[in-house]
2 protein chains.
Amino acid sequence: MEQPDKRHIIFYTVLELIREKGFHGTPMSMIAGRANVAAGTIYHYFESKDVLLVELYQFIKNQVVEIISETETSSEKYDEQFYNLWANLYNFYINNPNVLGFFEQFVNSPYYKDELADANVCALRGTLLGFFRKGIESKMLMPLRPEILSALFHGSVITMAKMHRLRKVVLEGEEIKDVIDACWRSVTHAGTSYPEQSNLKIKLNKMEHENGKV
Amino acid sequence: MEQPDKRHIIFYTVLELIREKGFHGTPMSMIAGRANVAAGTIYHYFESKDVLLVELYQFIKNQVVEIISETETSSEKYDEQFYNLWANLYNFYINNPNVLGFFEQFVNSPYYKDELADANVCALRGTLLGFFRKGIESKMLMPLRPEILSALFHGSVITMAKMHRLRKVVLEGEEIKDVIDACWRSVTHAGTSYPEQSNLKIKLNKMEHENGKV
DNA sequence: CCATGCCGATTGAATGTTCATTCGGTTATT
DNA sequence: AATAACCGAATGAACATTCAATCGGCATGG
């Protein structure tokens, strides 16, 4: 109830257009057209284009934080949490293919500077770092700085998701497990065992959609 | 002699501005100003802004191709080539911090569509794939699709370089070796040994610079 | 059950600004 | 002197944003 649906329609439209046309190349008029809304209406919901983009960024980022903390607070064994986290994030990016492109452009824009100090970013980083710190302390993971392990982990998710989006590498069947194995090997001591397949709980994480229109 | 220096000055200026201001947010007038050149002069060298950006992209991409094929055709042992490749690419991105941001924005722009079929991209992909195929055939690497190994490899370079640029993780001393070890573990069978430190030949890969100006 | 007034949502033409590009003229190079 | 490099004010198109006008639902009172 809080925010009418139109806000979200605009969000999804922007996401879509930015993937198609890039960060420039999507004027407000085009957003309005695609969202079946008058130009003025957008300004009823968002102060300016800048604000729209920043709020869209936060909207998505919160969903990522959600996924991480949900998976991270489950009570599974550490290695299972690790696998689930990888797979859940991967699925999120796969199922929301517009998100990665938007993120990359946002991060490289002037908007992002203000965001760096943002509380939620810290929450995100904090949660993930905590997860890896725990792994290091329990001698499960390599004794490297948690920032490094965290980067390797998230980097491999992002990379595989990007490959998927560009249709360069689409993981099939067992391959997704193979890749997570590789990621697990990279952050653990040689010889550490892999978790039982059967315990993994992987979610789809698709954002609700449909333009309201056809 | 072929292309006067001014072309390169413009290239580096654009690279710099795009990191600062983002892909939009850098008008031609600003490029001209920063490069100490009149607006019209840019059009003496480049047909349009679009062409300028595409040519800049190709200019940088060729340097990356250069690094890869140079390292790859050296006669070291496979594992040493692997380490050198990682380190050389990492150093290139570290020493040219404007490049990654530009790449990410370019790839997510409409310009990129035309580039996908480009011969050099195929050369790049081909070379790297060949390198991993070789590793798989010699049983050195895991029997996964070379595309996957290649993605994991390049992904970890890019991720660490990005972390460096954002000052989130700056690898110090032994850490760079630790990270390459991790990457090596991820693509090899458990128990495969690491190369001798002493044989590694790592280059700096800094693009020549200086604005011509202060 | 209708009439009236209220208010947020919505519209899209109009406005002013920013920007890529042009071009007539100037300077440097041969 | 001829050609190439360079300049920067002028041009016109594209764009973000504004705003006066309309819509539509809903509450009140007759």
Side-chain angles (χ1 to χ4, degrees), chain A residues 1-57 102 105-106 108-112 114 211-214, chain B residues 1-57 102 105-106 108-112 114 211-214:
Chain A
M1 192 99 343
E2 210 225 271
Q3 295 295 1
D5 206 33
K6 203 146 283 187
R7 252 180 96 85
H8 290 261
I9 291 177
I10 294 171
F11 276 161
Y12 291 119
T13 305
V14 172
L15 227 40
E16 207 175 286
L17 278 172
I18 279 184
R19 161 150 87 154
E20 284 171 32
K21 315 280 183 186
F23 219 100
H24 41 229
T26 73
M28 290 299 256
S29 56
M30 194 180 279
I31 297 171
R34 179 78 67 98
N36 295 303
V37 147
T41 305
I42 299 178
Y43 288 86
H44 182 71
Y45 292 98
F46 305 96
E47 204 178 293
S48 68
K49 194 180 187 183
D50 289 6
V51 169
L52 164 56
L53 292 172
V54 169
E55 292 193 1
L56 171 53
Y57 172 72
F102 175 73
Q105 299 193 55
F106 188 87
N108 288 295
S109 74
Y111 305 128
Y112 188 55
D114 313 326
N211 214 328
K213 187 55 190 350
V214 173
Chain B
M1 192 96 342
E2 210 225 90
Q3 293 298 359
D5 207 33
K6 204 147 282 186
R7 250 180 99 86
H8 290 258
I9 292 177
I10 294 171
F11 276 160
Y12 292 118
T13 305
V14 171
L15 227 41
E16 206 175 286
L17 278 172
I18 280 184
R19 160 150 89 155
E20 283 171 33
K21 315 279 183 187
F23 219 102
H24 42 230
T26 74
M28 290 299 257
S29 56
M30 195 180 280
I31 297 171
R34 179 79 67 97
N36 295 303
V37 147
T41 304
I42 299 179
Y43 287 86
H44 182 71
Y45 292 98
F46 304 97
E47 203 178 294
S48 67
K49 193 181 188 183
D50 289 7
V51 169
L52 165 56
L53 292 172
V54 169
E55 291 193 1
L56 171 53
Y57 172 73
F102 174 74
Q105 298 193 54
F106 189 87
N108 288 294
S109 74
Y111 305 127
Y112 189 54
D114 313 327
N211 215 328
K213 186 54 190 350
V214 173

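Note that these values count all heavy atoms, side chains included, but never hydrogens, waters or copies made by symmetry. Letters go in sequence order (proteins before strands), and every chain restarts at 1.
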Check each of B:Leu53, B:Thr26, B:Ile9, B:Ile42 against B:Val14 using the side-chain contact (heavy atoms from CB on, under 4.5 Å) test, and report the only one that passes.
-> B:Leu53
Starting at CD1 of B:Ile31 and ending at P of D:dG8, how long is that distance when rounded to a whole Å?
-> 17 Å
In whole angstrom, what separates A:Asp5's CG from C:dT10's P?
-> 11 Å
Geometric class of the B:His24/A:His24 ring pair [parallel <30°, tilted 30-60°, perpendicular >60°] | perpendicular
For the pair A:Phe23 and A:Phe106, name the ring-plane relationship: parallel under 30°, tilted 30 to 60°, perpendicular over 60°.
->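 It falls in the tilted class, 30° to 60°.
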Main-chain N/O of B:Asn108 paired to A:Gln105 side chain as donor or acceptor, under 3.5 Å |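 Answer holds: yes.
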Under 4.0 angstrom between B:Tyr45 side-chain N/O and D:dA5 OP1 or OP2 =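 Result: no.
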How would nucleotides 11-30 of chain C be written as a contact map, 5' to 3', with B for base contact, S for sugar-phosphate-only contact and - for no contact, using protein heavy atoms under 4.0 Å?
-> BB------SSBB--------
Of all heavy-atom pairs linking B:Ile10 and B:Tyr45, the shortest is CD1-CD1, 4.3 Å
